[in-house]
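The structure appears below as structure tokens.
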Amino acid sequence: MTAAAETRKFEAEVAQVLHLVTHSLYSHKEIFLRELISNASDACDKLRFEALGKPELLSGDSELRIDISVDKDARTLTIRDSGIGMSRDDVIANIGTIASSGTRKFLEALSAEQKADANLIGQFGVGFYSAFVVADKVTLVTRRAGPATSEGVRWESSGTGEYTLENVDAPRGTSVTLHLKADEDEFLQAWQLRSLIARYSDHIGFPIRMPKEDKDGKPTDEWEVVNQASALWTRPKNELKDEDYQGFYKHIAHDYNDALAWTHNRVEGNQNFTSLLYIPSKSPFDFIGGSRDERKGLKLYVKRVFIMDAAEELLPAYLRFVRGVVDSDDLPLNVSREILQQNRNLEKLKSAVTRRVLDLLDRLAKDEPEKFATFWQEFGTVFKEGVAEDFANKERIAKLLRFASTQSDGAAQTVSLDDYIGRLKAGQESIYYLTADGYAAAKGSPQLEALKAHGVEVLLMYERIDEWMSSYLNEYAGKKLRNVAKGDLDLGKLGGVDAEKRKEAEQAAEGVVKKLKELLGERVRDVRVSERLTDSPSCLVLDEHDMGLAMQRLLKQAGHDVPASKPTLEINPAHALVRRFENESDTARATDLGLLLLEQAQLLEGAALEDPAAYVRRVNGLLAS
Ligand code: ADP
Ligand code: MG
């Protein structure tokens, strides 16, 4: 063996990176451990792959593993793997120079950040240098897998422009020894290392071992595995029991309830990934009211290495209740959020994951209606956002929607659009729905009277989001969705009053309509005879393309300018109150009656009256007279 050590200079860019790493990274220092374990795991992966063709590479030591140990006296921490190792040239090429184009970006990002975060380092393919965040000297000893006669190399540097290289005897694989900086003693604590491993590297597919401790907490010569060493989602489905899935769910979701359902898939083809996706059985406290940014639902792994919580990148917002893991073979390992968002594979991955969730929901709807009902109760409100958000899957999403209706029991949302279509009346071409501020307001709305009288079912939408959602839901299975409070209802085809009869009724009511129009003036767009009403005196109706009244109110409350679209007042000329107004000769009392017809219709819409006191005075006056 050559005894003389060679001293070499780092490539200029490396020196720059090292300088920044040693002087600028203060937060998330512990990241170095993840980076070094991830390199060790890569090295094991590479050897495992090469050994497929050359099994002799594994001879002498066939176990691929990562050992972590500390020497408290020497104040060193060593990460050792039995992976592929490096030749002398490999070391110079991989550690002394930086091939990756990420370097410049890293330098830019780091110089731009005021309080630089060590998390950055792994994102640019320069993870090895993170060792210098906590160490003032790093010794790497390595030997490339191959004939036992091949030489090992010892590389050492204090991260200041130079490194030394020396040929040495070494076992196969690589060991990286960190000589910790004076104030980095925490990384000499075994429990601290174990908890970091559990946090970042639990599901690395190779055993990570640490020395077993005796009763006094002193390390012994025996090793014990400190990670799970096999990622649950990589195990074949038929080996996994429900308990395994539930246990894993609780671990990743931090939920003590069981999951409602899950879907576990390995996809191979032009995208290779495994996904394990869960639907919780209960929505977390204040989930719906909570911020849309609160989306820590999915973990992204690349080749079993945890990369980040990346719910946002992997799932559309309307599926933010989903929990689980996506493990991609195609994304780069050291990927930042920014780089990730620009990756074209990501969009494909996202739509594939979305499809898996929709498949699971389809299956529940079909085969496990009780579970589906639980899902709908917990997350239906959030899921509805999908109608507006996910154009590509709109039809599938619409199929999964559930509503209350004039023919279902109470406020529970149980009717699907397919159920509705199955009950269409002869001659009925549209799906009718009504939006209101609450279930009772919807159920009791006068807008429903004529439809009810004709036995036509109406979907009752009474959640805050419904008005907005329904504006995106114009059609399903070739049927138009129609808001019963808007435009013409076309009841003729449904056995309602035909056009001729209607004309007659309108002519008969010309007088009262004119009288009301004069009285209400600018307050309404128009006054006309209603085909909607049978029992009530009046209601408000919008034009087909007007924004719903509840929506207008919501936007106004949020401080938006809303184009004023005035509603039309429809009246029922047969109603006693309308007749009384028509026949009232006392002008003051006629005014009271006329305003009442408008105000009552406004109240039914859920609107606040402009002048409630005046309204009460009017009602009282009429009651007392
Ligand atoms: P990356 O892992 O993104 O390539 P790193 O800075 O972490 O970037 O590592 C640089 C290179 O050094 C790796 O690509 C690999 O070739 C080599 N390397 C680092 N650690 C090891 C190891 N434990 N065993 C073998 N090669 C290693
Ligand atoms: Mg690395």
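Atoms within each ligand, like the ligands themselves, are counted from 1 in listed order. Computed from heavy atoms alone, side chains included, the values below leave out hydrogens, waters and symmetry copies.
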Atoms of ligand 1, numbered as shown, that sit under 4.0 Å from any heavy atom of Ile95:
12 (O)
Looking only at distances, please establish whether an N/O atom of ligand 1 is found under 3.5 Å from an N/O atom of [X].
X: Met86; result: no
X: Tyr129; result: no
X: Phe128; result: yes
X: Asn39; result: yes

Using atom types as modelled and distance alone, determine if a side-chain donor or acceptor of [X] lies under 3.5 Å from a backbone N or O of [Y].
X: Thr142; Y: Gly173; value: yes
X: Tyr245; Y: Thr263; value: no
X: Asn393; Y: Ile397; value: no

Should Glu378 and Lys282 count as an ion pair when the cut-off is N to O under 4.0 Å?
yes
Any Lys/Arg nitrogen of Asp329 or Arg266 sitting under 4.0 Å from an Asp/Glu carboxylate oxygen of the other?
yes
Between Phe372 and Phe375, is the ring centre distance below 6.0 Å?
yes
With atom 10 (C) of ligand 1 as the reference point, say which of Val176, Asn94, Thr174 has the nearest heavy atom.
Asn94
Decide, counting backbone as well as side-chain atoms, whether Ser38 has an N, O or S atom less than 2.8 Å from the Mg ion (ligand 2).
no
